[in-house]
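The next block holds one structure in the form of structure tokens; read it before the comments.
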Amino acid sequence: MLFDEVLGRLSNSGRPVARTAYLHVNFRRITPVGVELRLDAKFEREEGRKRVLTAALYDGDHVTADAEGLFVTLRPGQP
């Protein structure tokens, strides 16, 4: 849910509304609870109505999970 929320907000920031088409998450190592984590997100590219974004979750220098999401801009009249 964290990746979908962050990537969705980045996808829609200053752009027409888009929805998640797919979100692929790789769990790289155990993510600890009760510690400060860092999430880096990046808008990779836009191709027509498609937007590709990536993100990584860090515990210190270690990636605990990463994700790639595809977001598609809504057509006029779509809710």
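Hydrophobic clustering (side-chain heavy atoms under 4.5 Å, transitive across Ile, Leu, Val, Met, Phe, Trp, Tyr) keeps Leu23 apart from Val72. One hydrophobic cluster, built from ILVMFWY side chains closer than 4.5 Å, holds both Phe27 and Val35.
Minimum heavy-atom separation, Pro79 to Leu74: O-CD1, 3.4 Å. The two atoms that bring Leu7 and Gly69 nearest to each other are CD1-N, 4.2 Å, heavy atoms only.
Taking the centre and axis of the six-membered ring of Phe71, the NZ or CZ atom of Arg15 falls outside the cone set by 45° and 6.0 Å.
A side-chain contact (heavy atoms from CB on, under 4.5 Å) with Leu2 is found for exactly one of Val25, Leu39, Thr31, namely Leu39. Checked options Arg45, Arg51, Arg49, Lys50; the residue passing with Glu47 is Arg45 (criterion: side-chain hydrogen bond (donor to acceptor under 3.5 Å, both in side chains)).
Taking Glu44 as the reference, Lys42, Val52, Thr54 meet the side chain to side chain contact (heavy atoms under 4.5 Å, CB included) condition, with sequence neighbours excluded. Listed by chain and residue number, nothing satisfies the side chain to side chain donor-acceptor pair (under 3.5 Å) test with Arg75 (two or more places apart in sequence, or in another chain).
How far CZ of Phe3 is from CG of Leu53: 12.5 Å, rounded to the nearest 0.5 Å. For the atom pair OG1 of Thr20 and CG of Asp4, the computed distance is 3.5 Å after rounding to the nearest 0.5 Å.
Side-chain atoms of Asn12 come within 3.5 Å of backbone N or O of Ala18 as a donor-acceptor pair.
Residues Tyr58 make up the rest of the hydrophobic cluster containing Val63, defined by ILVMFWY side-chain heavy atoms closer than 4.5 Å, directly or through other members.
Residues Thr64 and Arg29 are in side-chain contact: their nearest non-hydrogen atoms beyond the backbone lie under 4.5 Å apart.
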